[in-house]
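Only one structure is covered here, and it is reproduced in the block below.
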Amino acid sequence: MSTININTKDGHAINKGSSGFNVRIADKAWSYTHPDFIKSVKELKPGWLRYFSGTMGDAFSSATGQYDLDYISKFDHPKPFLKGYRYVKVKGPHRIIDLYKLLREVNGKLIVTVNAFAESPEMILELARFCKNNNIKVEVWQFCNEPYFYVPNRNRYWWNDGYDYAAKMKPYAEAIQQIFPEAQLTLNYTWDGVWTFMKEINKYQEEKGAYWNVFSKHSYAPHTGKKETREQAYKRANTKLLEATSKAAMAQIEAYTWQDVPMVITEFGVWNSPLNGIYSGIYNIEYVMRQLEHKNTQYIGAHEVSNKYLPSKGKGNLIEEAFKNNIAIDTDTISTGIRRDIEGKAYKIYNEAVNNSEFIFKTDIENMVLVDGLKKTKVNGMFAQSYKGNNGFNYLVISNRSEQEKEFQLNIDDKKFKGDLLVSYLAANSIADRNPNIKTTEFKNGVISIKPFSLSVIKWKTNNYTLEQPITYNASVEKNGILLNWGSIAKATSYKVYYGTDATNLSKTIKVSNQNNFLVTDLDKNTKYFFKVEALNKDKKSKLSNDVFATYQSPEKPTIFKVSRRDNTVTLFWQSVPDAKSYLINYKDENNKDIEIDTDNVFGYRIENLKDNTKYNFTVTAYNGLGKSKPSKKETVFVSSRVPYSPRNVSAVKKTSTSIEVKWISQKNVLPNTSYNVYRGTKLHEFTKIATAINDTIFLDTTVKDKIQYYYTIKAETEVGESNFYPNIATALSLENNSEINIQIIRKQEDGYLVEVKLHKVALNPKNSYGVIINNISYLNVEHTKILGEKITQKSNKFKVLIPLSKLKENSKYAIKAFVVKGKTQIESAVVNQIID
């Protein structure tokens, strides 16, 4: 019989709650307060959740918790965002404060992806201020979701390359650091296969230094743009899983960051439809385990919680009808039920182990099972990882991607384990099995039986447990005191609240019975208090929680810092203030009637159903249990349906050393009498208007100086004023190709596309290989296909490549770059604007 040996003398610590999820429920019936979503999260018990999801967050407003039509207008694929807009308008805002409240139910942590596509550093400064004022602890701030798909070779000019992206994120980092000087910050470096972007970020780091302190990526290693059989997909995933989580992959990451760089993965998955089912369930958990073998891995999040557990009944028709007819419905009262997918079931049994542990033991499998990989290889088909639990159990998790059944003797520190083992597992006789149920069993005398295509979570009792360190989530000012809320701790029978006016000396204590909230009374007015919580039982006590603070007074006056108008709506944005429970918006309507709106706790709000061509005066007032603040300074806004949208996709290309051509794309529907204003700056987000009333979508700037970096953006204007926000900022770039390889001609022929390449100072010899690399950029596909070329003549400094139609998909767009391989060195051309369609 083979053995699995656990070495408790060797291993490493992991973060508490390292396994979490991206969240995408904007275009579903669920919200953070929907009972079925809350039930799903409580059952899956994530260690952390991500705000505000992945791609669906690119047009989302962190201030209002809603989609913004002006944000949506910046993108070339608005359809999913418009669906999100409709759904969230009906459901109500997806507020960060509500997600944080939900995390209290599972003692979970928060990771925030900053929307630097649509929001300015000023807006992100206010998001950070809002988090601080509401005691929201953010573990990591990530800059943008998948920025590497928004570069010129994909005909998008958000950033010219990874270097430009790193430069453009610095103002956002500085905004957050104003509020949280010690914040954990991360650039979003790569998606498996997008190595160029990562290397360009590294170039910025080498020249300017890293202002960030964490590495993050997304990973869909088995994904392919090809249709393939289940057998081929199985081989691909077996190989790619090991590659993406290997020591070599981490070495490459560290080579372009720094040694022991902390790593966060905010999205990963299989994304290869033949593998949907038992394989994807096994893959997800094994991926997390293999990444946790790296000591620098902090948090790993699957894409996404609401496709692990999802609504049984979508109820989308109800939401669409409500939006169409402008009917208010409380979607939290609509029961959807929960459909538990195989990946969700896998996480349910796995998260019990990993998220109740803070240490991984070294674990070895004897006689490893091998499975088929790519290129006729055999690769490891099992994995085992063991955990030191803090809840009275230790855990062993075993994945088996093979059709073999296997039996093991469990050894701990080279001694046979003689006790009983409790097991929860998922298994299938065939990889085609879509959704088997969780089963439980017991193993006797340390003998473990592992079924084919299975995930097994095995546990055994220990004499050791700790009371988990509580997370204190809120301190709100009420009429008679300050109300604290914290996460419940298993096996705690009581809690002790420590508080005082000096954060370093919390001299007062209160014992609280088994509940996770308490109103601290007998406080002095106008005094700031700090609080921590300790969990207790008759045997143990926990570490003290994070501290939270509140001042026992009514709030300060808020300040409106931004206003936007769109048809019959006005959106107000204000600086949040400490100790506010909510905010009131006051104005007089067109009939001179006083209107008051309670916004709940946000720092932006969209006011609807206003009258066109009408002037309104708005104020914002904060309040808590002790009363209201003074109202903000009055903001006068003229409501108009004539406010234009900005254009999109601004580019700026050097034509000569003293001229730059600025282009943009107008919206599909443009208001009559719309013109454009051109803005330029030498510092990001600091612009001067250099041209007005442009009626074209192109402008030649002939007032530039050589060797100065310029940034451009555009606003549209009508007689009622400019658009609310500018679109992307274009960094002026040069298309002059000074490299050693230059694509000169791309010509469509009957049998494909002929590409001619000219070489500069590069001599070809028979040992060299050369050709072109094509990359389908129609969507999120990063596969590179090499096609070899042939010299035009023996003495020529040119070569040509025929890209056959068989290598191309209809209705697709491809970026092309030429390459020459000399020895171990690959030289490549630029890719900007080198595209076939």
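Note that the coordinates shown come from a computational prediction; the quantities given were computed from them, not determined experimentally.
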> So, are K761 and E740 salt-bridged, with charged N and O less than 4.0 Å apart?
Replying inline: no
>> If I take atom CG from residue N153 and atom NZ from residue K813, how far apart are they, to the nearest 0.5 angstrom?
In response: 11.0 Å
>> Quick check: F687 with Y726 (ring centres under 6.0 Å apart)?
In response: yes
>> Aromatic contact between Y189 and F215, with the criterion being ring centroids under 6.0 Å apart: yes or no?
In response: yes
> For N355 and Y347, does a side-chain donor sit closer than 3.5 Å to a side-chain acceptor?
Replying inline: no
> Would a distance-only check, ignoring hydrogens and angles, find a side-chain to backbone donor-acceptor pair under 3.5 Å from Y350 to V288?
Replying inline: no
> Do you see a donor-acceptor pair shorter than 3.5 Å between the side chains of S280 and E343?
Replying inline: yes
>> Regarding N145 and R50, do their side chains bring together a donor and an acceptor under 3.5 Å, going by distance alone?
In response: yes
>> Can a side-chain donor-acceptor contact be found between R648 and N728 if the only test is distance below 3.5 angstrom?
In response: no
>> Centre-to-centre under 6.0 Å for Y148 and F197, is that the case here?
In response: yes
>> To the closest 0.5 Å, what do you measure between CG (L684) and OG (S120)?
In response: 12.5 Å
> For the ring pair Y387 and F361, is the centre-to-centre distance below 6.0 Å?
Replying inline: no
> What's the verdict on ring-ring contact (aromatic ring centres under 6.0 Å, His included) for F75 and W158, showing C-alpha distance, side-chain angles and the deciding distance?
Replying inline: CA-CA 10 Å; F75 292 89; W158 298 87; 5.3 Å; yes
> Judged by modelled atom types alone, do K822 and N768 share a side-chain donor-acceptor pair under 3.5 Å?
Replying inline: yes
>> Checking the side chain of D192 only, and the main-chain atoms of Y220 only, is there a donor and an acceptor separated by less than 3.5 Å?
In response: yes
>> Pair K295, D260 - check salt bridge (Lys or Arg N to Asp or Glu O under 4.0 Å), show working.
In response: CA-CA 8 Å; K295 294 180 182 180; D260 300 323; over 6 Å; no
> Are a donor atom and an acceptor atom from the side chains of Y165 and E200 found within less than 3.5 Å of each other?
Replying inline: no
>> Within the supplied structure, the quantity of interest is the number of heavy atoms (other residues, nucleotides, ligands) at a distance under 6.0 Å from K16 NZ; does it exceed 12?
In response: yes
>> Whether the side chain of D161 engages the backbone of Y163 through a donor-acceptor N/O pair (distance < 3.5 Å, no angle test) should be reported.
In response: yes
> Between the side chains of T266 and Q142, does any donor sit under 3.5 Å from an acceptor?
Replying inline: yes
>> The test is side-chain contact (heavy atoms from CB on, under 4.5 Å); show your working for M250 and K247 and say whether it passes.
In response: CA-CA 5 Å; M250 182 54 69; K247 289 182 180 179; 5.7 Å; no
>> Nearest 0.5 angstrom please: Q184 CD to I111 CD1, how far?
In response: 10.5 Å
>> Using 0.5 Å steps for rounding, measure from the CD atom of E126 to the OG atom of S62.
In response: 9.5 Å
> What closest approach, in Å, do Y712 and A732 show between heavy atoms, and which atom pair accounts for it?
Replying inline: CE1-CB, 4.3 Å
> What do the steps show when you test I741 against H760 for side-chain contact (heavy atoms from CB on, under 4.5 Å), and what is the final call?
Replying inline: CA-CA 6 Å; I741 307 175; H760 305 274; over 6 Å; no
>> Can you give me the closest heavy-atom contact between S18 and Q298, atom names plus distance?
In response: CB-O, 3.4 Å
> Are the aromatic rings of F268 and W191 close, with centres under 6.0 Å apart?
Replying inline: no
>> Would you compute the distance between atom CZ of F81 and atom NZ of K74 and round it to the nearest 0.5 angstrom?
In response: 12.0 Å
>> Is any side-chain heavy atom of Q205 closer than 4.5 Å to one of W212?
In response: yes
> About how many Å separate OG of S812 and CD1 of I777, when rounded to the nearest 0.5 Å?
Replying inline: 10.0 Å
>> Here's a test for you: under side chain to side chain contact (heavy atoms under 4.5 Å, CB included), which of L49, V112, V41 qualifies with L99?
In response: L49
> Do you see a donor-acceptor pair shorter than 3.5 Å between the side chains of D164 and T731?
Replying inline: yes
> Taking C-beta and beyond as the side chain, do Q826 and V820 meet within less than 4.5 Å on heavy atoms?
Replying inline: no
> Can you find a side-chain donor-acceptor pair between H303 and N22 that sits under 3.5 Å?
Replying inline: yes
>> Run the salt bridge (Lys or Arg N to Asp or Glu O under 4.0 Å) test on E228 and R236 for me, step by step, so that the C-alpha distance in whole Å, both residues' side-chain angles and the decisive distance to 0.1 Å come before the verdict.
In response: CA-CA 10 Å; E228 55 186 3; R236 179 184 303 280; 3.0 Å; yes
> So E206 and K203, salt bridge (Lys or Arg N to Asp or Glu O under 4.0 Å) or not? Walk me through it.
Replying inline: CA-CA 5 Å; E206 292 295 313; K203 183 182 176 184; over 6 Å; no
> Which one of Y234, Y279, Y283, Y287 satisfies the side chain to side chain contact (heavy atoms under 4.5 Å, CB included) criterion with P222?
Replying inline: Y283
>> Using side-chain contact (heavy atoms from CB on, under 4.5 Å), reason through S399 and M289 one step at a time and then give a plain yes or no.
In response: CA-CA 10 Å; S399 62; M289 292 195 292; 4.2 Å; yes
> Which atoms form the tightest heavy-atom contact between A818 and I743, and what is the distance?
Replying inline: N-CD1, 3.7 Å
> Which heavy atom of K109 sits nearest a heavy atom of L103, and at what distance?
Replying inline: O-CD1, 3.3 Å
> For I774 and I816, which heavy atoms make the closest approach, and how far apart are they?
Replying inline: CG2-CG1, 4.2 Å
> Where does the angle between the aromatic ring planes of H685 and Y172 fall among parallel (under 30°), tilted (30 to 60°) and perpendicular (over 60°)?
Replying inline: perpendicular
>> Assess, by modelled atom type and distance only, whether the side chains of Q385 and Y395 contain a donor and an acceptor separated by less than 3.5 Å.
In response: no
> Which of these passes salt bridge (Lys or Arg N to Asp or Glu O under 4.0 Å) with E828: K817, K199, K786?
Replying inline: K817
>> Under the criterion side-chain contact (heavy atoms from CB on, under 4.5 Å), I'd like the reasoning laid out for F52 against T113: C-alpha separation, chi angles, the key distance, then a yes or no.
In response: CA-CA 6 Å; F52 173 81; T113 297; over 6 Å; no
> Does K168 reach the main-chain N or O of I729 with its side chain, forming a donor-acceptor pair under 3.5 Å?
Replying inline: yes
> Could you go step by step and tell me if K217 and E267 meet the salt bridge (Lys or Arg N to Asp or Glu O under 4.0 Å) rule?
Replying inline: CA-CA 8 Å; K217 64 173 281 188; E267 279 187 36; over 6 Å; no
> Which is it for R156 and N649 under the side-chain hydrogen bond (donor to acceptor under 3.5 Å, both in side chains) test, yes or no, and what are the steps along the way?
Replying inline: CA-CA 6 Å; R156 295 164 171 171; N649 205 15; over 6 Å; no
> Are the side chain of R24 and the backbone of E304 linked by a donor-acceptor contact shorter than 3.5 Å?
Replying inline: no
>> Using the ring centroid of each side chain, check whether Y150 and F117 are separated by less than 6.0 Å.
In response: yes
>> Which residue is it: H294, E293, E286? I am looking for the one with a side-chain hydrogen bond (donor to acceptor under 3.5 Å, both in side chains) to R290.
In response: E286
> Will you find, in the side chains of N351 and S19, an N or O donor that is under 3.5 Å from an N or O acceptor?
Replying inline: yes
> Taking all atoms of both residues into account, what is the closest heavy-atom pair of A175 and P121, and its distance?
Replying inline: CB-O, 3.5 Å
